[in-house]
Amino acid sequence: MDKEKFYITTAIAYTSKTPHIGNTYEIVLTDAIARHNRFIGKDVYFLTGTDEHGQKIQEIAEEQGITPQEHVDKIAGEIRNIADMLNISYDGFIRTTDEHHVKTVQKIFKKLYDQGDIYKGEYEGWYCTPCESFWTKTQLKEGNCCPDCGRPVQKTKEEAYFFKMSKYQKQLEQYIEDHPDFIQPESRKNEMLNNFIKPGLQDLCVSRTSFTWGIPVDFDPKHVIYVWIDALSNYITALGYSVDEKGELYKKYWPADVHVIGKDILRFHTIYWPIMLMALGEPLPKKIFGHPWMLFGEEKMSKSRGNVIYAQDLVRHFGVDAVRYYMLHEMPFAQDGTITYEVFISRYNSDLANTLGNLVTRTVAMVNKYFDGIVPEPADEGEFDADLKSVAVGAISAIEKKMDQLRVADSLDEIWKVVNRANKYIDETTPWILAKSEDTKQRLGTVLYNLIESIRIIATLLSSYMPETSKKILDEIGADESSYESVKSFGSYKPGSKVGNADVLFARIDTEKKLEELEAEMAANAEPEVEIAPYKDYIEFDEWEKLDIRVGKVLECEPVKKSKKLLRFTLEVGNEKRQILSGISQYHKPEELIGKNVVFIANLKPRKMMGLESCGMILSAEHDGKLTALTTINDIQSGAEVV
RNA sequence: AGCGGGGUAGAGCAGUUGGUAGCUCGCAAGGCUCAUAACCUUGAGGUCGCAGGUUCAAGUCCUGUCCCCGCACCCA
């Protein structure tokens with residue numbers, strides 16, 4: 001009988017810059033799931049890769065004076081190195097610049113166009129020829145005039161391709177209802193259904209003409225295929241899928257069993273992707289898992305704060321498997337998790353050094369001490385043996401249940417139950433007392449055999465999560481059996497094997513010392529040179545004169561209800577009052593602004609936000625996530641012009 | 001009344017179909033010495049956000065209410 005297949009993917013990583021530890025979490029999580037399924041006998045294909053197109057990459061490359069291709073080659077290389085460093089067992093690594101991918105995406109686009117799912121339309125906008133600018137309808141002045149120069153605008157000349165999402169809406173809704181496990185975790189399902197699908201899907205713009213670093217539409221080359229069709233298709237093009245020829249891997253592995261992705265791109269994977277597949281007439285993936293994020297303490301990671309944690313640094317300090325362990329064990333299933341050095345070291349010391357490492361060391365040390373390093377034959381079962389065995393043997397089925405639900409952290413707990421049980425067993429059986437008399441030597445041998453076999457089971461089970469440690473332990477105890485079958489029963493370890501020297505597996509870390517070291521390193525890595533936003537192009541004096549900038553006195557200021565960012569201001573401007581909304585509530589408390597002078601653009605076209613009208617724009621200075629509103633040095637009559 | 005999730009020991013979290021409230025770390029006491037000052041046992045510590053209700057019985061169901069978070073509209 002053929003092995004059951006299992007196709008699992010991560011999202012492809014965007015190659016704009018080197019990923020930090022949060023970005024790395026996803027691939028480690030996926031790796032554990034992939035390895036586990038391989039372990040239990042499935043035929044696994046694990047795909048990861050890089051997303052290498054887009055405007056942002058084009059811009060970054062330009063800034064650095066290199067070609068986009070050179071840039072993505074470099075970053076893709078880094079990403080792959082990180083994956084390799086972390087022992088990621090991927091079977092395929094796709095890059096969206098791969099030739100097969102590019103060609104296939106073009107064919108997919110063409111096919112969808114030919115069958116009418118993609119149509120050429122107009123980007124919702126109006127074009128002002130003299131100004132060479134696009135405007136959306138809401139930006140226009142009365143009578144469809146350019147807000148810049150006041151001249152009439154033409155309905156858009158910017159053409160674009162659109163995907164008819166609405167056509168598949170009902171079908172998608174039905175699919176999601178019929179497959180309650182399709183979107184994980186559950187809460188996300190409702191989010192998608194209620195926020196997007198049920199209110200009605202908008203047609204999706206799937207091409208751009210504003211940049212060139214992307215896959216061209218082959219029958220209309222000034223258009224570049226915009227991110228979703230390009231990026232999402234990777235899951236099938238990597239398997240050799242094409243429109244006319246599906247390929248062996250594709251036939252074997254599609255549909256995907258799990259797409260593991262960040263919660264932020266759930267929408268694209270649960271709506272656009274299934275619809276694309278429906279349009280192509282291909283089956284839908286079985287499960288989409290939107291994992292939570294890994295945050296650094298309370299703070300956002302930022303280069304200038306010097307608190308970015310990179311996987312490489314963690315690995316250098318703590319080792320690959322400690323990093324894998326932390327990510328796999330400390331992240332909650334559906335809520336964002338955090339990583340701090342304090343917690344990391346604490347988990348390292350208690351779980352890895354004390355509980356697991358020490359169990360191996362002390363057991364091996366006893367085999368050396370009492371049996372010259374040769375694991376003895378077990379004899380008759382004694383007290384406590386049955387319980388130890390049942391815990392050890394029972395672990396695998398518990399783990400399989402948890403892993404089926406993608407509960408990786410819980411699976412590790414199941415392994416640690418065995419570790420704890422084994423530690424307790426030593427206390428119960430007191431080998432050091434048994435060693436004192438020749439009469440109890442046989443019992444001693446049995447006890448040590450049971451411990452070694454328990455450790456063998458533990459190490460075998462660990463292989464999906466901490467492959468390097470798993471192998472080290474198996475070597476240390478001289479085990480040659482580490483199969484799935486062998487952990488279902490007790491006794492696969494062959495007596496007579498030689499154990500190692502009881503080397504320390506995870507050396508305890510001196511918390512204070514290590515923290516000092518890490519802090520010093522972080523301080524050294526903080527970038528001292530200040531990076532400011534690039535300057536814009538020169539403008540003419542008369543362009544400057546078009547701006548009407550004024551001083552206003554804040555009479556009232558309050559948060560806009562339900563809004564995360566907006567503050568509603570009432571300004572005194574001469575004898576008038578004016579309402580302006582400004583998205584700065586993250587940075588300023590309303591009460592600290594009342595009575596202050598602020599500077600605002602008075603002739604910016606009014607616009608409604610969150611149901612309120614905003615007549616102008618309050619000026620603020622912003623740098624690196626910090627922001628402060630502008631004010632005047634001395635008091636001055638409100639309404640005063642800024643010149 | 002936008003949609004959804006959550007508020008449980010000092011911290012981080014579990015709590016399935018309602019029936020004595022659990023886990024890990026931390027803390028305290030004891031045990032042990034094979035081991036990485038590790039390991040084992042026991043203990044202290046919780047009005048399960050708040051207020052009502054259903055029930056013989058509610059963390060678990062219902063209503064109201066207060067916070068926190070995610071998503072959406074939203075930084076002009």
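For clarity, every value in this text was computed on a predicted model and none was experimentally measured. In what follows, chains carry the letters A, B, and so on, assigned in the order in which the sequence lines appear, proteins first and then strands, with residues in each chain numbered from 1.
Spacing between B:U54 and B:G43 at atom P, rounded to whole Å, works out to 38 Å. Nucleotides B:C25 and B:A21, compared at atom P, are 23 Å apart to the nearest Å. Rounded to whole Å, the C1' atom of B:G26 lies 12 Å from the corresponding atom of B:G45. Atom name C1', nucleotides B:G6 and B:C13: the rounded distance is 13 Å, in whole Å. The same atom, P, is picked in B:C40 and in B:C23; the two are 14 Å apart, to the nearest Å. Atom name C1', nucleotides B:C69 and B:U24: the rounded distance is 24 Å, in whole Å. If you take atom P in B:A1 and the same atom in B:A72, they sit 22 Å apart, rounded to whole Å. Taking atom C1' in both B:A44 and B:A28, one finds a spacing of 7 Å when rounded to whole Å.
Partners of A:Phe182 under the ring-ring contact (aromatic ring centres under 6.0 Å, His included) rule, at least two apart in sequence or in another chain, are A:Tyr175. Take A:Thr511 and apply the side chain to side chain contact (heavy atoms under 4.5 Å, CB included) test, not counting sequence neighbours, and it matches A:Ile345, A:Asn349, A:Leu515.
In this structure, CD1 of A:Ile426 is placed 11 Å from P of B:C39, rounded to the nearest angstrom. Note: CE (A:Met366) to C1' (B:C39) measures 10 Å, nearest angstrom. B:G70 atom P lies 18 Å from atom CD1 of A:Ile261, rounded to whole Å. For the pair A:Arg421 CZ and B:C39 C1', the computed distance is 13 Å after rounding to whole Å. Regarding A:Trp416, its CH2 atom lies at a distance of 14 Å from the P atom of B:C40, rounded to whole Å. Straight-line distance from the CG atom of A:Asp427 to the P atom of B:G30: 17 Å, rounded to whole Å. Across the protein-nucleic acid pair, A:Ile473 atom CD1 and B:A35 atom P stand 19 Å apart, rounded to whole Å. In this structure, CD1 of A:Ile271 is placed 11 Å from C1' of B:A72, rounded to the nearest angstrom.
Base-pair partner of B:U20: not found among the strands shown (Watson-Crick or G-U wobble, both distances under 3.5 Å). Across all strands shown, B:A28 forms a Watson-Crick or G-U wobble pair, both distances under 3.5 Å, with B:U42. Across every strand in view, B:C71 sits in a pair with B:G2 that passes the Watson-Crick or G-U test at under 3.5 angstrom.
Between the side chain of A:Thr355 and the backbone N or O of A:Ser350 there is at least one donor-acceptor pair closer than 3.5 Å. Between the side chain of A:Ser614 and the backbone N or O of A:Leu581, at least one donor-acceptor pair lies under 3.5 Å. When atom types are taken as modelled, the side chain of A:Ser470 and the backbone of A:Met466 share no donor-acceptor pair closer than 3.5 angstrom.
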Taking only nitrogen or oxygen atoms into account, show me every contact under 3.5 Å that the protein makes with nucleotides 21-25 of chain B, one pair per line with its distance.
{"unit_1": "B:U24", "atom_1": "O2'", "unit_2": "A:Arg347", "atom_2": "NH1", "d": "3.2"}
{"unit_1": "B:U24", "atom_1": "O2'", "unit_2": "A:Arg347", "atom_2": "NH2", "d": "3.0"}

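Residue A:Thr363 is out of contact with every strand shown, counting any heavy-atom pair closer than 4.0 Å. Note on A:Leu505: a base of the nucleic acid sits closer than 4.0 angstrom, heavy atoms only. Note on A:Phe506: a base of the nucleic acid sits closer than 4.0 angstrom, heavy atoms only. Within the nucleic acid shown, A:Thr361 comes within 4.0 Å of at least one base atom, counting heavy atoms only.
You'll find that the side chain of A:Val504 is closest to B:U36, out of B:C39, B:C34, B:U36. Picking from B:C32, B:A35, B:C40 the nucleotide with the shortest atom distance to the side chain of A:Arg362 gives B:A35. When the nucleotides B:C74, B:C34, B:A38 are ranked by their closest atom to the side chain of A:Lys369, B:C34 comes out on top. Taking only side-chain atoms of A:Asn358, from C-beta outward, the nucleotide of B:C39, B:C75, B:C34 with the closest atom is B:C39. Counting only heavy atoms from C-beta on, A:Arg267 has its side chain closest to B:A72 among B:A35, B:A38, B:A72.
Residue pairs meeting the salt bridge (Lys or Arg N to Asp or Glu O under 4.0 Å) criterion with at least one partner in residues 346-375 of chain A, sequence neighbours excluded, are A:Glu330-A:Arg347, A:Arg347-A:Asp351.
Listed pair A:Lys424 / B:C39 fails the phosphate criterion, with no side-chain N or O lying under 4.0 Å from OP1 or OP2.
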Name every donor-acceptor pair, under 3.5 Å, that has one atom in a side chain of residues 432-441 of chain A and the other anywhere in the protein, sequence neighbours excluded.
{"unit_1": "A:Ser437", "atom_1": "OG", "unit_2": "A:Asp439", "atom_2": "N", "d": "3.0"}
{"unit_1": "A:Thr440", "atom_1": "OG1", "unit_2": "A:Leu434", "atom_2": "O", "d": "2.5"}
{"unit_1": "A:Thr440", "atom_1": "OG1", "unit_2": "A:Ser437", "atom_2": "O", "d": "3.1"}
{"unit_1": "A:Lys441", "atom_1": "NZ", "unit_2": "A:Tyr370", "atom_2": "O", "d": "3.3"}

- Message: Show, in sequence, the C-alpha distance, side-chain angles and deciding distance for A:Tyr425 and A:Asp385, and conclude whether the side chain to side chain contact (heavy atoms under 4.5 Å, CB included) test is met.
- Response: CA-CA 8 Å; A:Tyr425 179 77; A:Asp385 295 7; 2.7 Å; yes

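A salt bridge does not link A:Arg407 to A:Asp413: none of the charged side-chain nitrogens sits closer than 4.0 Å to a carboxylate oxygen.
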- Task: Take nucleotides 6-12 of chain B nucleotide by nucleotide from the 5' end and write B, S or -, depending on whether a protein heavy atom sits under 4.0 Å from the base, only from the sugar-phosphate, or from neither.
- Result: -------

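Between A:Trp432 and A:Tyr425, the one whose closest nucleotide on RNA chain B sits nearer the 5' end is A:Trp432. Both A:Ile580 and A:Leu352 lie near RNA chain B, and the one whose nearest nucleotide falls closer to the 5' end is A:Leu352.
Under 3.5 Å, the side chains of A:Trp273 and A:His259 contain a donor-acceptor pair of N or O atoms.
More than 12 heavy atoms of other residues, nucleotides or ligands shown are found within 6.0 angstrom of NZ on A:Lys498.
For the pair A:Lys424 and A:Phe384, the cation-pi test (distance below 6.0 Å, angle within 45°) is failed.
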